[in-house]
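Data block below; observations after.
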Amino acid sequence: MRWLVLIVILGWCVNGIAQSKELKKDTLSVIPILSVADPIPGEFIQMIDEAYTQWHKQMKNEIAYGDSVYIMENLGQIAPVSDSLYLLRLDALHSAITLSYNEIVRNFIEMYVVKKRLQVAGMLGLSEYYFPIFEEALAAHGMPLELKYLPVIESALNPVARSRARACGLWQFMYYTGRQYKLEINSYIDERYDPVKSTEAAVRYLGDLYAIYNDWILVIAAYNCGPGNVNKAIRRSGGKKNYWDIYYHLPRETRGYVPAFIAAMYAFNYAKEHHIYPLECNLPLLCDTLLVNDALHFEQLSKNMDISMDEIRDVNPQYYKDIIPAGFGKSYALKLPYNHVGTFIERQDSIFAYNRKKYFDDSDRIANPNDRFRKYAHASSISGDKARLVYTVKNGDVPGAIAAKFNVSLNDLKYWNNLNRRMTIRVGQKLVVYVSQKNAAKYAGKANYTGKVNNETDAPQVETIDGEFIYYTVKRGENLWTIAKKYPGVSNRDIMKWNGISESKVKDLKPGQKLKIKI
């Protein structure tokens with residue numbers, strides 16, 4: 001009987017060895033289980049909870065995402081998963097990035113699919129909005145699409161996440177790294193929060209790291225702790241460049257970063273096997289992006305369109321003061337749900353004109369000509385001593401030149417004639433111009449004189465100005481200083497900068513030359 005038991009045990013061993021060889025053959029992209037264990041850092045778990053809670057509180061999903069019954073009901077359906085099954089599932093992903101497996105990875109997998117099931121369900125819903133953005137950028141640079149899981153462990157897919165170290169956004173850029181990769185950060189905009197711009201910057205950063213290490217796992221580690229720490233770990237390990245060989249030489253928080261990446265990838269691909277399903281996301285899956293050339297407040301959009309401030313903020317998180325700081329030749333992107341794009345295009349003039357003075361007061365523009373957001377000048381009122389002239393637009397005319405012809409400001413000309421933001425005029429169009437009574441005869445030959453104006457009702461009651469260039473034709477005897485005087489808040493230095501005129505070229509100004517002027 002004893003011999004029989006030994007024979008059975010030996011048969012099991014032989015069969016197990018054969019299965020092990022077959023498993024290893026089928027899982028070339030995975031490393032066999034290592035007998036190492038390292039607890040999941042409490043800071044990592046706290047980060048996941050804080051980022052997740054912060055975003056969903058902002059999205060006002062307390063009811064759907066706070067349902068603890070959802071967790072308890074599904075916990076009862078979880079069956080233990082063997083190491084061999086984890087190995088097979090990871091290998092079946094056919095990842096371009098080597099997916100190792102050991103007890104550390106297993107701990108992170110179970111953190112996601114068991115302990116943080118609700119967060120995974122929420123992130124699955126958010127991924128329907130964010131993953132296409134990540135995939136498009138990664139594919140454009142020929143990089144592994146699996147890198148789209150980095151923001152899962154960086155920010156829990158929270159676009160407004162902010163760490164204690166002041167890293168921001170989906171990709172958790174620090175200030176100097178963000179500026180290094182051309183992300184604009186100022187008092188009105190922080191492109192670290194912009195899902196598209198930050199993704200483009202992150203992809204460039206990942207590409208630069210890959211040029212150093214030629215190993216995606218080391219790139220992922222370096223993304224978290226910086227190439228300096230990875231290089232230090234490589235030196236301390238005697239020049240080894242395998243992640244698990246340098247594991248204990250890395251900063252403690254980075255040790256869990258690669259295992260968490262592998263675990264997140266597993267959790268997203270095998271969520272259904274663990275009875276985890278996406279929770280509904282309030283973000284619109286179909287959006288379109290428009291370029292805005294003028295400063296715009298979110299409230300101007302909300303008051304003139306059937307869209308809430310929160311809906312606008314959710315898809316434009318980079319404008320954290322609810323202001324798009326466009327103008328003076330600078331354009332910015334405005335993202336809107338697809339069903340609102342047509343309304344914006346149809347109503348854009350009234351949207352930009354709505355409460356202009358309230359949001360962008362121009363009372364101190366001359367004192368502060370560089371203040372981009374105080375550019376919506378209120379045209380001067382029309383007093384009783386003004387004469388009304390009518391000018392017929394001729395071939396080659398532009399609004400700036402017409403204003404100069406009558407020695408009036410371009411802002412007033414646009415105000416009087418309700419010109420749109422693009423200042424579009426056509427040959428034969430009649431423009432109203434108001435000049436002082438004493439100068440009426442002087443300008444009578446240039447326009448039709450219609451007499452004295454006694455009230456302000458003749459002028460269109462529209463208050464708007466855009467941030468585009470106008471072109472001024474230099475006349476005989478003029479210089480940059482005399483031209484600048486025609487435009488309040490503009491200096492001769494401004495004109496030199498806008499037109500690329502150096503000090504040595506100022507004297508070369510010629511009649512008929514076209515100069516760009518920002519208004």
Side-chain angles (χ1 to χ4, degrees), residues 58-60 159-160 184 186-191 193-197 282-284 286-365 368-379 410-412 414-424 459-469 489 518-519:
Q58 178 174 326
M59 293 288 287
K60 297 178 175 57
V160 293
E184 185 172 353
N186 57 41
S187 300
Y188 291 89
I189 181 173
D190 190 336
E191 290 184 337
Y193 295 119
D194 185 327
V196 175
K197 292 288 185 68
N282 287 344
L283 292 169
L286 290 177
C287 290
D288 204 351
T289 301
L290 304 162
L291 280 182
V292 174
N293 299 317
D294 298 320
L296 183 66
H297 196 287
F298 286 175
E299 204 166 78
Q300 292 176 287
L301 290 165
S302 181
K303 294 293 186 181
N304 290 276
M305 300 169 62
D306 185 21
I307 186 171
S308 70
M309 293 278 284
D310 285 336
E311 287 178 283
I312 303 170
R313 291 177 183 134
D314 290 341
V315 293
N316 298 278
Q318 66 271 31
Y319 304 117
Y320 54 86
K321 289 190 177 180
D322 294 341
I323 292 174
I324 301 178
F328 284 91
K330 181 80 170 180
S331 299
Y332 286 95
L334 167 66
K335 182 171 281 191
L336 289 173
Y338 191 77
N339 57 309
H340 290 286
V341 172
T343 304
F344 175 82
I345 294 173
E346 292 172 2
R347 302 180 184 175
Q348 58 180 318
D349 286 334
S350 58
I351 290 171
F352 279 92
Y354 178 78
N355 277 348
R356 224 46 241 184
K357 194 170 184 179
K358 171 185 175 182
Y359 300 113
F360 308 105
D361 186 11
D362 194 52
S363 58
D364 62 351
R365 180 172 182 258
N368 298 284
N370 294 322
D371 189 344
R372 175 176 302 165
F373 313 117
R374 298 185 178 276
K375 67 192 185 70
Y376 284 83
H378 190 292
L410 180 60
N411 295 354
D412 288 347
K414 294 176 64 179
Y415 176 74
W416 296 329
N417 293 278
N418 191 17
L419 296 181
N420 63 24
R421 292 180 300 107
R422 293 184 178 277
M423 297 189 295
T424 304
Q461 299 303 304
V462 176
E463 186 179 327
T464 181
I465 183 173
D466 73 353
E468 298 178 348
F469 284 101
K518 280 185 178 180
I519 57 171

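Position 1 is the first residue of the sequence; numbering continues from there. Being a predicted model, the structure only gives us computed values, none of them experimental.
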* Asked: Distance only, no hydrogens: is a donor on one side chain within 3.5 Å (strictly under) of an acceptor on the other, for E299 and Y359?
  ->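 Judged by distance alone, the side chains do pair up.
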Between [atom1] on residue [X] and [atom2] on residue [Y], distance to nearest 0.5 Å:
X: Q300; Y: M305; atom1: CD; atom2: CE; answer: 12.5 Å
X: K335; Y: Y319; atom1: NZ; atom2: OH; answer: 10.5 Å
X: M309; Y: L301; atom1: CE; atom2: CG; answer: 9.0 Å
X: D294; Y: I351; atom1: CG; atom2: CD1; answer: 12.0 Å
X: Y332; Y: I323; atom1: OH; atom2: CD1; answer: 12.0 Å
X: C287; Y: N316; atom1: SG; atom2: CG; answer: 8.5 Å

* Would you check if F298 and I324 make a side-chain contact, meaning some heavy-atom pair closer than 4.5 Å? =>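 Result yes, sub-4.5 Å side-chain heavy-atom pair found.
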* Asked: Just wondering, do F352 and V292 contact through their side chains at under 4.5 Å, heavy atoms?
  ->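 Yes, side chains in contact.
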* Taking side chain to side chain contact (heavy atoms under 4.5 Å, CB included) as the test, write out the residues that go with Y338, two or more places apart. =>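 Testing Y338 for side chain to side chain contact (heavy atoms under 4.5 Å, CB included), a comparison that skips the adjacent residues, returns L286, D288.
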* To do: Could you pull out all residues at least two apart from S331 that satisfy side chain to side chain donor-acceptor pair (under 3.5 Å)?
  =>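 By the side chain to side chain donor-acceptor pair (under 3.5 Å) rule, S331 matches N293.
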Please find the pair of heavy atoms, one from [X] and one from [Y], that lie closest to each other, and give the distance.
X: D306; Y: H340; answer: O-CE1, 2.8 Å
X: E311; Y: S308; answer: OE1-N, 2.9 Å
X: S302; Y: I307; answer: OG-O, 2.9 Å
X: L296; Y: F360; answer: N-CZ, 3.7 Å

* Counting N and O atoms only, with roles assigned by atom type, does the side chain of E184 sit under 3.5 Å from a partner on the main chain of E191, one being a donor and the other an acceptor? ->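 No, the answer is negative, given that no donor and acceptor are paired below the 3.5 Å cut-off.
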